[in-house]
Amino acid sequence: MSFSTLPLSYCTNVHPGLSVDEVVAGLERYTAKLPAATGRQVAAGLWLAASVISEIESETAKLDQLATTLRRSDLVCYTLNTFPYGNFHGDRVKEQVYLPDWTSPDRLHYTLACARVLPHLMPPGTEGSLSTVPLGYKGFQHPATFRQDCIANLLRLASGLNDLHDDTGIVVRLAIEPEPMCVLETTAETVAFFTELWAAADEEGQLAIAQRHLGVCYDVCHQSVEFEDVAVSIARLQAAGIRINKVHITCALRLPTPADNAIGRAALAHFAEPRYLHQTLARAADGAIHRHPDLDATVCNTPSAEFAAADEWRIHYHVPVNAETVGPLLTTRDDLRSALAAVRQLPYAPHLEVETYTWGVLPGEQKPDLVAGLAAELNATRELLDGTAV
């Protein structure tokens, strides 16, 4: 199976946007310049915060404004990032990005509203996708019924997406995005949850609807940070009947032999920052995985005994996907190659999206001009997809 023939998408959650006007400004200032910078048509993977969706629901002309901006800029849109609900560019986002979780009616309403907006932005004859939170964050307290409540809302969503298909003829699929230290974190946890989800859907006579509309967003660097073999992970999802509706093309940071690499640990300390959560995992010589909830000075300067003895650290910090190294640090780009080779073998073509949202918080020397940086990522990714990169 070949990759999707749709234009390669990049996620616009890298740009602030709490109103339609702000989203349009980001498209015009940055995204509209990428087709010329790359020599190819580009897709805008829009992040439309809850405040933007509320504005569109109350003033339909705002949806026309957004659609017109895309057309005028020769951009297409077939996927939305519905993971961040609120302000993704606040002073401190961290674990709040997982709220509301999938037990909340607000999460359900927001996601359905995004699904109803998307067909107005899509090219004819395409399907849509929505990436979303991995149910919730493990660090929060959850009721005993948490998983059942999530399943109930996800089945309500599937029913709503099925109604949307009946009304419009357009299929929009949800893509649940496993992430380190979240309720759905590893491939094994994801397979176990979907087994529960399919069983519940079957009991309600909704299995076919659920399997058509619900699947995963495979963020490559998330499973790399978990020290998973990404090709095996993708094959396992396929064998379990879990559709990968969207692939986030991403790279994270690596630090091998951290105890012997003071220069690398010092460089890594510069990546600790107050806005986003950077889950940090360490692999011991016996294969055991140890976790720290966020990258901070303690991890780098006075690591725990488990971290100090680890053979490698991996950090959930999205770095440019064309980077093999970032200063003295390594990246997980080799896993990106492996993941894309595995995705190519799937019997369908998931949506493909570059998602480096951290440009604004990278250490100073790592920040090129944003349009140039995004163009370099898209060009490098296209080379990987075309099989021309070594």
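Only this structure's heavy atoms are used, side chains among them; waters, hydrogens and symmetry mates stay out.
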Angle between ring planes, His15 versus Tyr30, binned at 30° and 60°: parallel, tilted or perpendicular? parallel
Given Thr250, which partner from the list Asp219, Asp335, Thr331, Thr332 fulfils the side chain to side chain donor-acceptor pair (under 3.5 Å) test? Asp219
Taking Asp294 as the fixed residue, which of His278, His316, Lys94, Gln279 is the one that meets the side chain to side chain donor-acceptor pair (under 3.5 Å) rule? Lys94
For a 4.5 angstrom cut-off between non-hydrogen side-chain atoms, does Leu66 reach Leu27? yes
Quick one: are the ring centres of Tyr357 and Phe88 less than 6.0 Å apart? yes
Pairwise side-chain contact, Leu374 with Val42, heavy-atom cut-off 4.5 Å (strictly under): no
Picking from Glu353, Lys246, His351, what satisfies side chain to side chain donor-acceptor pair (under 3.5 Å) with Thr79? Lys246
Flag for Arg156-Asn153: side-chain donor and acceptor within less than 3.5 Å: yes
Arg72/Glu28 ion pair, N-O < 4.0 Å: yes
For Glu226 and Arg291: C-alpha separation, side-chain torsions, deciding distance, then whether salt bridge (charged side-chain N to carboxylate O under 4.0 Å, His left out) applies. CA-CA 9 Å; Glu226 293 288 336; Arg291 291 167 168 81; 2.7 Å; yes
Sub-4.5 Å side-chain heavy-atom contact between Asp101 and Phe146: yes
So, Asn261 and Thr257: side-chain donor and acceptor under 3.5 Å apart, yes or no? no
Do the side chains of Thr145 and Thr103 get nearer than 4.5 Å, heavy atoms only? no
Under 3.5 Å, is there a donor-acceptor pair between the Asn245 and Ser129 side chains? no
Partner of Thr187 under side-chain contact (heavy atoms from CB on, under 4.5 Å), picked from Asp229, Leu237, Ile234, is Leu237
Is Glu189 salt-bridged to Arg147, cutoff N-O under 4.0 Å? no
Hydrogens and angles aside, do Arg236 and Ser233 bring a side-chain donor and acceptor to less than 3.5 Å of each other? no
Please determine whether a side-chain nitrogen of the Lys or Arg among Asp386 and Arg40 lies less than 4.0 Å from a carboxylate oxygen of the Asp or Glu. yes
Hey, would you say the His222 and His318 ring centroids sit under 6.0 Å apart? yes
With a 3.5 Å cut-off and no angle check, do the side chains of Tyr10 and Thr356 form a donor-acceptor pair? no
Leu108 vs Trp102 side-chain heavy atoms within contact, under 4.5 Å: yes
Would a 4.5 Å heavy-atom cut-off, applied to side chains only, mark Val14 and Trp47 as touching? no
Set out, in order, the CA-CA distance, both residues' side-chain angles and the distance that settles side chain to side chain contact (heavy atoms under 4.5 Å, CB included) for Leu340 and Phe3, then state yes or no. CA-CA 9 Å; Leu340 291 177; Phe3 291 119; 4.1 Å; yes
